[in-house]
Amino acid sequence: MNQNKRLYHYTSVDATLKILQTQKLRLNNLTAMDDPEEAKSEDSYNAGRWVFTSSWTTLRDNKKMFQAYGMSGEGVCISLPEYPFYTMFGNPLQKNKLFMQSIGVIEPVYFTRGTEIYTEKYNLMFLPAKVEQISVIYTDYEDLLYPKVSNKTSKGLSYFDGLLGKYKDLKWSYQKEIRYRLRPTLINNMHRPLNENDYEQMMSGVIYAKISENCPVDYIDIPINLRNIEIILGSRVDNVQKSKIQKVAKRYCPNPIFLNSNINW
């Protein structure tokens, strides 16, 4: 990642205060996005409940983005260096007894700090183990907007959810969106196959859960590094709210930067 590149997130004052106080970023599943169509795939609407994203953009102090997501100037535009997550090396599954008993030990991997809590508490395994950063692609091709996620291949059953959350309708292209994404899998439905070379037995449970069942969580909160956070205060934010944001940011963030939006309403 380019540490000199910054991304922008438009949100409310209350949501900004929560990010500052918890030092965490919330990733919601695709059913909570501004376009409910995003959660759909060719074979299941429910698959969108297993893909979690946080929406950012390359657009700085942008009027249309402020209007849509920054409360028409009563909110905030947050800026951070891209990929503000903490990466660890180890076995994020080691405290999950169900996985260790059914699958066994795995080689250490790089994973995003904070995901291991959901593995231990909710039996969720994340593949990939690190938060993904993806650039949204805007299209009118329905095969991309509503992809088929479960497939039968020559090697058996497979599940492809990498397209979910990556493509959006052309009408959203003004957003210039960059997303952070997590894709959990329920460990309850993962069992070591009787035949080590036959993973269809394991995948059938995984696929059934993702297209038929709800994920045990509606959102995922992940710790982020708030060093050098830039906070662009909307031009309609009153002085009381500005003072509160500045006070909280100075308490929880190293070297916060405060700016006022140049947008007139």
Side-chain angles (χ1 to χ4, degrees), residues 1 7 9-12 14-36 38-41 44-57 69 78 80 82-96 98-99 109-136 149 159-166 168 177-190 206 209-226 229 252:
M1 301 298 172
L7 297 179
H9 179 69
Y10 293 78
T11 189
S12 67
D14 288 342
T16 299
L17 291 172
K18 189 166 186 178
I19 291 172
L20 296 174
Q21 291 168 336
T22 63
Q23 301 179 62
K24 292 180 179 180
L25 185 65
R26 175 160 294 181
L27 284 72
N28 292 292
N29 72 48
L30 291 181
T31 66
M33 296 296 103
D34 49 8
D35 182 3
E38 283 199 65
K40 294 182 180 180
S41 65
S44 171
Y45 174 80
N46 208 66
R49 298 183 187 276
W50 293 85
V51 178
F52 294 80
T53 66
S54 176
S55 298
W56 293 66
T57 179
Y69 306 104
I78 298 171
L80 285 169
E82 68 170 339
Y83 210 80
F85 306 97
Y86 298 99
T87 298
M88 302 180 67
F89 183 72
N91 181 359
L93 299 160
Q94 61 185 349
K95 292 186 178 181
N96 187 280
L98 182 62
F99 178 86
V109 297
Y110 287 100
F111 67 95
T112 299
R113 195 181 92 189
T115 56
E116 75 281 5
I117 297 171
Y118 292 87
T119 298
E120 183 178 0
K121 188 174 182 179
Y122 297 104
N123 291 324
L124 294 176
M125 180 174 70
F126 295 88
L127 296 171
K130 290 174 58 179
V131 171
E132 302 170 273
Q133 179 179 315
I134 58 175
S135 297
V136 172
V149 293
Y159 184 82
F160 302 98
D161 58 359
L163 299 182
L164 293 176
K166 184 174 182 179
K168 295 181 70 170
E177 187 175 351
I178 307 292
R179 280 183 168 173
Y180 297 120
R181 183 175 69 176
L182 280 170
R183 292 180 281 160
T185 293
L186 193 63
I187 294 175
N188 293 36
N189 293 290
M190 298 187 69
V206 172
K210 288 202 174 188
I211 66 176
S212 305
E213 301 177 5
N214 289 335
C215 184
V217 297
D218 293 324
Y219 56 83
I220 297 173
D221 291 335
I222 298 296
I224 54 175
N225 186 350
L226 295 178
I229 186 173
Y252 292 99

message: Out of the candidates Lys24, Gln23, Arg26, only one should pair with Asp221 under the side chain to side chain donor-acceptor pair (under 3.5 Å) rule; please name it.
response: Arg26
query: Taking C-beta and beyond as the side chain, do Ile224 and Phe85 meet within less than 4.5 Å on heavy atoms?
result: yes
- line: Between the OH atom in Tyr69 and the CG atom in Asp34, the distance rounded to the nearest 0.5 Å is 3.5 Å
- prompt: Side chains of Ile187 and Leu93: does their closest heavy-atom pair fall under 4.5 Å?
  reply: yes
query: Is there a salt bridge (charged side-chain N to carboxylate O under 4.0 Å, His left out) between Asp35 and Lys168 once you walk through the steps?
result: CA-CA 9 Å; Asp35 182 3; Lys168 295 181 70 170; over 6 Å; no
field: Donor + acceptor pair across side chains of Thr119, Lys95 (<3.5 Å)
entry: no
field: Value rounded to 0.5 Å, distance of OG in Ser135 from CZ in Arg179
entry: 11.5 Å
- request: Answer yes or no: is there a donor N or O on one side and an acceptor on the other, between the side chain of Tyr83 and the main chain of Val131, under 3.5 Å?
  value: yes
query: Would you say the side-chain atoms of Thr112 pair up with the backbone N or O of Thr115, donor to acceptor, closer than 3.5 Å?
result: no
message: With heavy-atom distances below 4.5 Å as the criterion, would you say the side chains of Val109 and Pro92 are in contact?
response: yes
task: Begin with the C-alpha distance, continue with both residues' side-chain angles, and end with the deciding distance and a verdict on salt bridge (charged side-chain N to carboxylate O under 4.0 Å, His left out) for Arg181 and Glu38.
output: CA-CA 14 Å; Arg181 183 175 69 176; Glu38 283 199 65; over 6 Å; no
Asn29, Leu30, Leu124 screened by side chain to side chain contact (heavy atoms under 4.5 Å, CB included) with Trp50, the one that passes: Leu124
- prompt: Should Ile211 and Asn46 count as side-chain neighbours, where that means a heavy-atom distance under 4.5 Å?
  reply: no
task: Applying side-chain contact (heavy atoms from CB on, under 4.5 Å), run through Ile220 and Tyr122 and close with a yes or a no.
output: CA-CA 11 Å; Ile220 297 173; Tyr122 297 104; over 6 Å; no
query: Can you list the steps and then say if Tyr252 with Thr22 is a side-chain contact (heavy atoms from CB on, under 4.5 Å)?
result: CA-CA 9 Å; Tyr252 292 99; Thr22 63; over 6 Å; no
Nearest atoms (heavy-atom pairs only) where Ile134 meets Gly165: CD1-O, 3.5 Å
query: Can you name the nearest heavy-atom pair linking Ala47 to Ser41, along with the distance?
result: CB-OG, 4.2 Å
message: Quick one, Leu226 and Leu80 - any side-chain contact, counting heavy atoms below 4.5 Å?
response: yes
field: Minimal non-hydrogen separation, Tyr110 against Ala129, with atom names
entry: O-CB, 3.6 Å
message: I need the Ile178 CD1 to Thr57 OG1 distance, nearest 0.5 Å.
response: 7.5 Å
query: Atom CG of Leu127 and atom CG of Asp161: how far apart are they, to the nearest 0.5 Å?
result: 9.0 Å
task: Determine, stepwise, if the pair Phe52 / Val217 fulfils side-chain contact (heavy atoms from CB on, under 4.5 Å).
output: CA-CA 10 Å; Phe52 294 80; Val217 297; 4.1 Å; yes
- line: Here the gap from His9 atom NE2 to Leu25 atom CG, rounded to the nearest 0.5 Å, amounts to 6.5 Å
query: Take atom OH in Tyr219; do more than 12 heavy atoms of anything else shown fall under 6.0 Å from it?
result: no
query: Counting only N and O atoms by type, is there a donor-acceptor contact under 3.5 Å from the side chain of Arg183 to the main-chain atoms of Glu132?
result: no
query: Which value, rounded to the nearest 0.5 Å, describes the distance between Ile222 atom CD1 and Tyr180 atom OH?
result: 13.0 Å
task: Using a 4.5 Å cut-off on heavy atoms from C-beta on, say whether the side chain of Lys210 contacts that of Val149.
output: no
